[in-house]
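Report on the structure given below.
Throughout, a chain's letter reflects where its sequence line sits, starting with A, and its residues are numbered from 1.
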Amino acid sequence: CKKDLVKINQNPNASQNAQPDYLLTAATKATADTYWGTANNMDASLLFVQHWAKIQYTDPDRYIYTNTAFNELWSVGYAKSIVNLNQIIKLADAQANPNYKGVALVLRSWVFTLLTDNYGDIPYTQATNISTYLTPVYDKQKDVYFALLEDLKTAQAALSTTGPAIAGDVIYSNKIAQWKKFANSLRLRIALRIADREPDKAKQVLADIQAEGSGYISANSETAQLVYLASPNQNPISNLFDTRDDYRISKTVVDKLFALNDPRLPVYASKTQDATPNTYVGIPNGLLVGDASNLGFTKTSKPGTYFLAPGAPAVIISYAEVLFDRAEAAARGFTIENAADLYNQAVTASLKQYGIADATIATYVAQPSVQYDAANYKKSIGEQKWLALFGQGLEAFAEWRRLDYPQLQPAVAGTLSGKLPLRFIYPGTEQSLNGISYKAAVASQGADVLTTKLWFDVN
Amino acid sequence: QSVKISGVVTAKSDGQPLPGVSIGVKGTTTGTQTDFQGKFTIPANVNDILRISYIGFNPVEIPVNNSGEPLKIVLEEAPNSLNEVVVTALNISKDKKSLGYAVQGLKSRDISEAKETNLINALSGKIAGVNVTGSQGDMGSSRIIIRGETSVSGNNQPLFVVDGVIVDNSQFQGTNGSRDFANAISDLNSEDIESISVLKGPNAAALYGSRAAAGVILIKTKTGKGSKGAGITLNSNTTFATLKVFPDYQNEYGQGSNGKFSYVNGAGAGVNDGVDESWGPALDGRLIPQFFSNGQPAPFVAHPNNVRDFFKTGVTLNNGVSLAGSSDKFDYRLSYNNLNQTGVVPNSSQGKNSFLLNTTFRPNSKLTITTIANYIKDDADNLPGAYGRRATSTMLQFTWFGRQVDVNQLKNYRDANGNTFNWNNSYYSNPYFIAYENTVGQHKNRIIGSIELNYKIIEGLSANFRTGTDYYNDRRKIKIAYGTNGTPFGSYEEDAYTVNETNTEGRLQYTKKINKDFTFDGFVGGNISTILNEQNDQIAPKLAVAGLYTLSNSRDPLVSSNYYGKLKTYSYFASAQLGFRNYAFLNLTGRNDWSSTLPSSSLSYFYPSVNGSLILSEALDLKSNTLSYLKLRGGWSKVGKATTPYQLINTYNFTAPFGTNPQQSAASINLNPDLKPETTTSGEAGVEAGFFHDRVRLDLSVYNTNSVNQILNVDVSQTTGYSQKLINGGRINNKGLEVQLGLSPFKSKDFTWDVTVNYSRNKSKVISLDNEGKLQSYILGTNRTVQVLAAVGQPYGTLFGNAYTRDASGNIVIGANGTPVINPTKQYLGKYTPDWLGSINNSFTYKGVNLSFLVDARIGGSIYSNTNRTGTYTGVLASTLPGRGAANGGLSYYYPNNNTSAAAVQIAAGTSAPGGATVYDDGVIFKGVKADGTANTTILPAQSYYKGFTNVDEAFVYSASYVKLREVKLGYTFPSQWVKGLGLQSATVSLVGRNLWIIHKNVPNIDPETAFNTGNGQGLEDLTLPTVRNIGFNVNLKF
């Protein structure tokens, strides 16, 4: 009878075996959805960096959050993304396919970067190893970034264009050469993230990349991004705007685009529904609910239709960003490249990303207000990068904190006593489920509030 | 000297013969039963004692003489008797005095006169130690817990057994309908129930082994035994439901924000016309364009009953007929019952048709065959929308509401062109549109059946075989109409659940008188149980065309999921009772289960129990006029719990493909290949005593229950890669006290007064969650930022959430912006489990008139109320009036240079502001201290003030205590001589009221007794439907 009973308990509803290609698609999609979705992008980082603003239910735009508000990046990051990527790595080792391992390491490093960029200290060493660590301790942000640089180096070594093929890659359609460039571009991003704290390490990383020779993302066609499909696999922003009308473009970014005669304005912003003198109208961030809606739903601009399309991409690292990073590395003396040149190429790449004509670009780049200022590279790069990262809320938020440009004013009716948020709050569940580790992290990093400055953010 | 004794047994109340009465020779195993005419014969010796006993009657003992005259025995009905025959585990009837644990029962009339559509509700307040949480609104689920929660994460609802057949009481919540679907036991027709016996814990229920930890509710349905006359009974019950608890809304300010409002399209084109809050202008009749006025200014006035007007009077019709008959060879009862309920929410209704056939056939003196078939058909065209979901909720829109809106103007929700309209178009659809078009239907077919054979092999030895099954199919159709705000293409979902449990059981029973002093009564048996559970959900997420609800009418790929679960348990069990001189008893039971859900190394496990009773009043001959009965009892038992299927090996789930790429990811639960069964050990002791010829009856129990090795799906930090991990660990302790007190203060031929008092308290403590002591809390439920936890060192079910920051003297700390600073560390805010439960039922009988009323109290425990929180945020509640305008005590302030983004400055009322700045009179200062310890002086507009503390969960946690007038019944039984002329055997009419009045409660705007669902995450209220009071009448005619 024992045999009979054991047989009855064979689960007919799910598979006990995983397949690396299917895991890869699922982990990529899950991460992109949260990276580009409501909780982290639209309701948080896009508001912090004043790309977008809220016209309805304005609490988030006034920095009123609960400790459940930032659950999603944490839960998806660890329990939907990293856990499955680790399984791919395990399967890759078992099946002797180092390319799966490389790809999974690159994606995992991106997810860990998102986590530490936003929360600060996070579990890394003891993360997603449930049989050994039920309550993982938090690693310091510095240690996380350093470990990620090592992981990416390992990935770079594992990825081989002559190695076994992979499947299920919805970012680069299984092209390993592209993944090698993605890995390096991510190393470049992290190197600069720590540049104010650990310039020597940053420089060393760039030298390693140079020596290894696989290069960076080097064209708009090589941008790391997930291109969404039609419903039900549509872009999260498109999905939200199907049924909601809570967001407008921020007045801060519209003012800047107007000031620069920026041809990206009609891409980033929609025309107001009712005709208005300026055609494109942003709303100030963080108004009281009545004040915001009084500006008129039909008299203010939604984000541009490019971003509202079902098939719009979720951009992970753009060619323009890589160029901005290389310009900054040069300006900091980490490399011997020409900073001004790279900066111009970066601005150009950003405009080309949105299909703007060469002549228009030339006029734009030639403007004194756009030109590179070697005396204050942080301002030049900071402001143009902020524009180039429009829509990529989390990366824009990290770079704004690091470069301190553009200089943003807090939300009108903000609730942080004249400050802007500098991080996410840890999920409330960590207090109840991982209390001891949580308390140690808070003791080390500072109070678990929006205004606590993270390690990488020096000024 | 051996003689043959014969006689007839009749009931004292109506003089009719009683069939099925047990006649035994005391101290021997000789016994028989009366036939359908109440007659019996039995061999005995002169000077033997005959013991005549029957369920619900006082037993009598008669010495045998050799007069040869037939005995005429009259049994007296004994409600609340201390020494009656009760039904125990596995449906075995026993003398209550021989039991070493508490059992409490209810009779048919306790539940069938004042009917509830959910049977569970009818139990509340009637049994000590039983905690019932009633349905929200007038339909839905109810939760029942006996002696506290013994399992941290598992099902804490008792096992339900109907006529020996284990029946299902699952609640399938579904995900998309936002309906509170009733738990499955509500299918039973209360008119068919003869008695309910509650086995209150592991001690009483140990023979059910792995399913006994939460107690057992044994239900016995009516049979044809002893039916008289034509055997036809008609019963008709009509009740009316009206709203009882309802939020107290303010009627001074209408829709809008910052005191401003003007309607253009209800979606933000006007002034605040997309705002679904009531911080707008005063409702003083000023002229403002509104949703119904086509742009023309219309008087802005209050409609105080605007929400109440939406609801209707609910009507429940419950009509049944039964036909019963009996002879010496057979008896039968066939009943049909029809329930038809229209709810208080417009367009909500449910109906039920049930048939029950119960037959017993006695082909010869040795064999008895009993068959039972119960067919139930539930049909609900639309259940009321509960919970706070945009397309389907009832109360969501009334909590985010404009207080000036007259819902009567929304009744015709489509205009001449077929377009819908509403007072708000940015978030909501018209509430009538939601009620009439976004419907959720439920259709269920259920059959419960059993066959039982009883064969008397030789005197004292009998064999019993029973196989029974409970099968149902529950189909739901969830429609969201085209054009619903938020779901513009609508959607259509079909969910199907199939549940089947089959139990086959065999038993050999042996009864023997060992010698003059000792008797033995025991059995051995085995059981095979198979439980199947299948689920199939399909959704067309966006309809292609409006108004057609089929799965193929879809513009997106269908979303489908299915689940198949099967579990099987083999069991052997044995029970032995040793009696000594009929006043001391020792009971032993043992059961071994083999469960398919556990790993092969640990799927077999054994559960023993031991208990005993001693009737001191007989043993020591203490009987006096003061003390009529005294019994001590006590016992110890160990029971346990297996788990649900497929909890051993980790799996990977598939989700819909991304383009042509299939997606697979690790399940969110980390399973456990080394699972062991949960174990609950329980000790119990009690005293039963009767005083003054049993005019005072006391039954007192104390118990201590420890549950260890809990199978816990613990929530773990998601940094582990999983949301939950299945572990064996944890220890939870429940201690409690139960008192039942029966009083008969007055008793004469025509008038009696009976009082029943129930009191119970249960104290729980979570001692640990895992063996390593790493886990500190387990999340039972969540609403917004409030969690309900099983937290180590705390009682079960603590509320955990955001609290105020307080200084050393307890003052609330206020930030620079004038609102309270939330404590960054979450705090314990209370627990949902009550401290004690109590009830008093008074019953008066004068000739044919019977009046009874039940008052029921649940004291202690807390509840987090989202109705209060949201209603404070949106300004719809009357509690948001203080400070809104000078008339409500508002302070005066201005903004320097009229810059409303700057801080407000307070000035004396009636003075003008510098620079002619506008002066406002709705200022409020939060009572508390600034960071430096000085009193807060920051003045805020009322709107900012009230919103300013809505994220402080502590502010919306209330005591959940209540005292309710639960039930009032006034019945009249027509004198039999009157009705006989009409061909009737009896006729009874009664006026009944249920949930009439909340005598006391602490939480405003809601009923503190609201089941969130039947799970363990209670203590959270989320925009629940108002609760109702039921008043009706019942007519019962017997032919």
Heavy-atom distances under 4.5 Å only: say whether [X] touches chain B with side chain, backbone, both or neither.
X        : result
A:Ala127 : both
A:Gln10  : backbone
A:Val137 : neither
A:Leu240 : neither
A:Tyr57  : side chain
A:Ser417 : side chain
A:Gln56  : side chain
A:Asn13  : side chain
A:Pro123 : side chain

As an exercise, state the distance from [atom1] of [X] to [atom2] of [Y], rounded to the nearest 0.5 Å.
X        : Y        : atom1 : atom2 : value
B:Leu603 : A:Lys2   : CG    : NZ    : 5.5 Å
B:Ser257 : A:Asn294 : OG    : CG    : 7.5 Å
B:Lys566 : A:Ile8   : NZ    : CD1   : 4.5 Å
A:Tyr228 : B:Phe658 : OH    : CZ    : 7.0 Å
B:Ser665 : A:Leu85  : OG    : CG    : 11.0 Å

Counting only non-hydrogen atoms closer than 4.5 Å, does [X] touch chain A with its backbone (N, CA, C, O), its side chain (CB onward), both, or neither?
X        : answer
B:Arg390 : side chain
B:Thr825 : both
B:Thr655 : neither
B:Ser668 : neither
B:Leu567 : backbone
B:Phe654 : side chain
B:Glu772 : neither
B:Asn951 : side chain
B:Tyr570 : side chain
B:Asp276 : side chain
B:Pro662 : both
B:Asp273 : neither
B:Pro599 : neither
B:Ala267 : backbone

* **A:Lys80 atom NZ, neighbour heavy-atom count above 12 within 6.0 Å** =>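 Result for NZ/A:Lys80: open.
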
Between [X] and [Y], does any side-chain donor sit less than 3.5 Å from a side-chain acceptor?
X        : Y        : value
A:Asp21  : B:Asn661 : no
B:Tyr427 : A:Asp246 : no
B:Gln718 : A:Thr429 : no
B:Asn272 : A:Ser293 : yes
B:Ser717 : A:Glu430 : yes

When the side chains of residues 129-136 of chain A are checked against the rest of the protein, which donor-acceptor pairs come out under 3.5 Å, sequence neighbours left out?
unit_1	atom_1	unit_2	atom_2	d
A:Asn129	OD1	A:Thr132	OG1	3.3

* Asked: Taking NZ, NE, NH1 and NH2 as the nitrogens, is one of them in B:Lys542 or A:Asp242 under 4.0 Å from a carboxylate oxygen of the other?
  ->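 A salt bridge is present here (some side-chain N lies under 4.0 Å from a carboxylate O).
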
Could you tell me if the side chain of [Y] sits less than 4.5 Å from the side chain of [X], heavy atoms only?
X        : Y        : answer
A:Asn11  : B:Ile649 : no
A:Leu433 : B:Ile779 : yes
B:Ser426 : A:Phe297 : no

What closest approach, in Å, do [X] and [Y] show between heavy atoms, and which atom pair accounts for it?
X        : Y        : result
B:Asp556 : A:Pro232 : OD2-N, 3.8 Å
A:Ala14  : B:Asn653 : CB-OD1, 3.4 Å
B:Gln663 : A:Ala26  : OE1-CA, 3.1 Å

* Asked: Just by distance, do the side chain of B:Gln664 and the backbone of A:Gln19 share a donor-acceptor pair under 3.5 Å?
  ->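 Between the backbone of A:Gln19 and the side chain of B:Gln664 there is a qualifying donor-acceptor contact (under 3.5 Å).
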
* Listed partners of A:Asn17 passing side-chain contact (heavy atoms from CB on, under 4.5 Å), at least two apart ->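 With sequence neighbours excluded, A:Asn17 shows a side-chain contact (heavy atoms from CB on, under 4.5 Å) to A:Ser15, given in chain and number order.
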
* Between A:Asn434 and B:Thr719, does a side chain to side chain contact (heavy atoms under 4.5 Å, CB included) hold up when you go through it step by step? -> CA-CA 9 Å; A:Asn434 193 12; B:Thr719 60; 4.2 Å; yes

